[in-house]
Participant: 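Got a structure for you, written out below as structure tokens; questions coming shortly.
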Amino acid sequence: MENRNNMTEFVLLGLTQNPEMQKVLFVPFLLIYLVTILGNLLIMVTIMASRSLGSPMYFFLAYLSLIDTVYSTAIAPKMITDLLHDKKTISFQACMTQVFMDHLFPGVEVILLVVMAYDRYVAICKPLHYLIIVNRWICALMLLLALTGGFLHSLVQFLFIYQLPFCGPNVIDNFVCDMYPLLKLACTNTHLIRLSMIANGGAVCTVVFFTLLVSYGVILHSLKVPGVGGNPKAFYTCASHMTVVILFFVPCIFLYARPSSTLPTDKFMTVVLTFLTPMLNPFIYTLRNAEMKNAMRKLWNKNATLAGRGLYPSCRT
């Protein structure tokens, strides 16, 4: 597929055009990125190393952490390094790659959050059939479905943008290449494409969001019924999942479920979606999860013990 324009690069205005403020923002955003990577890696390592975390819920949680890690790495380093430069440019091909990545991982995460809600529903409402319904093959199939769905969603968004002609200007008022800022730069009528993007992105997010809220409402209501499996642990698990759903879908709906226009809060919502949500997910899922905290404690103590043995080997006669 050939692109019909001679645009070689775009200029990103970033979060702010104040040079002093950019340098001030460098440290907190770098710390957020490092905490995101370390937090999500800790969850993945803990789940892989702990036999007690072998349930499907932790299987999906490990992949959610992997997605957040890769997603942050695809977006954050470019934005953070740009804070140290007065002029922020990105090549056309790199911009298109960023558009694809910016919708691939959130697309996968949307479906994965739906899968995790289904997992909680079966675990709480049908506990006796849980391991039969959500078995290893079903887990692998649902993960494949999430990856495929995210790829197809991102491919559609990418094709909408890539085939557009760009003839100037080339200034994007954001810190990342995204659909709506790029649509404003296209040298053609993009009304139908805007509507298609709203249907493919914003409408899907909106429907899924309210479906998930209803689903978790049903699950939480079932916890009040004696004998269904209601307990504080299940309540806190569902509450954690709902918090992640709200953190992810609210900025997603705000950015993509409305007609294309630039609002002052767009950059803030993009920061929430690309920086804050991936960073907060590890804390939300572990804060009230006793199994995860115990597994982390055991893993830490085990490593500390092994390190101690290495530093102070037993004396041999």
Participant: If you take the centroid of each ring, where Trp contributes its six-membered ring, are Tyr33 and Phe275 closer together than 6.0 Å?
Facilitator: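 Centroid separation for Phe275 and Tyr33: 6.0 Å or greater.
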Participant: Are any side-chain N or O atoms of Thr190 and backbone N or O atoms of Ile193, one a donor and one an acceptor, separated by less than 3.5 Å?
Facilitator: no
Participant: Do Phe166 and Asn170 come close enough that some side-chain heavy atom pair is under 4.5 Å?
Facilitator: no
Participant: List the steps and the verdict of salt bridge (Lys or Arg N to Asp or Glu O under 4.0 Å) for Lys184 and Asp173.
Facilitator: CA-CA 10 Å; Lys184 294 177 63 177; Asp173 187 14; over 6 Å; no
Participant: State, yes or no, whether a side-chain contact exists between Val108 and Tyr63 at a heavy-atom distance under 4.5 Å.
Facilitator: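 SC-SC contact between Val108 and Tyr63 ruled out.
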Participant: Between Asn135 and Tyr130, do the side chains contain an N or O donor and an N or O acceptor separated by less than 3.5 Å?
Facilitator: no
Participant: Hey, are Tyr71 and Asp102 close enough side-chain-wise for a donor-acceptor pair under 3.5 Å?
Facilitator: yes
Participant: Would you say Thr148 and Leu144 make side-chain contact, with heavy atoms under 4.5 Å?
Facilitator: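 Contact flag for Thr148/Leu144 side chains = yes.
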Participant: Are the side chains of Met96 and Leu182 in touch, meaning some heavy atoms are under 4.5 Å apart?
Facilitator: yes
Participant: Please assess Leu12 against Ile90 for the test side chain to side chain contact (heavy atoms under 4.5 Å, CB included), listing each intermediate value before the final yes or no.
Facilitator: CA-CA 7 Å; Leu12 300 171; Ile90 184 170; 4.1 Å; yes
Participant: What's the separation between atom CG in Leu41 and atom OG1 in Thr69, rounded to the nearest 0.5 Å?
Facilitator: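 Here the rounded value is 5.0 Å.
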Participant: Could you check if a side-chain atom of Leu13 sits within less than 4.5 angstrom of a side-chain atom of Lys88, using non-hydrogen atoms only?
Facilitator: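 No; the side chains remain at least 4.5 Å from each other.
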Participant: Is there a side-chain contact between Leu25 and Leu15, using heavy atoms and a 4.5 Å cut-off?
Facilitator: yes
Participant: When the ring centroid of His103 is compared with that of Phe151, is the distance short of 6.0 Å?
Facilitator: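 Here the rings of Phe151 and His103 have centres that are no less than 6.0 Å from each other.
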Participant: Quick check: does any side chain N or O of Thr243 sit under 3.5 Å from a backbone N or O of Ala239, one acting as donor and the other as acceptor?
Facilitator: yes
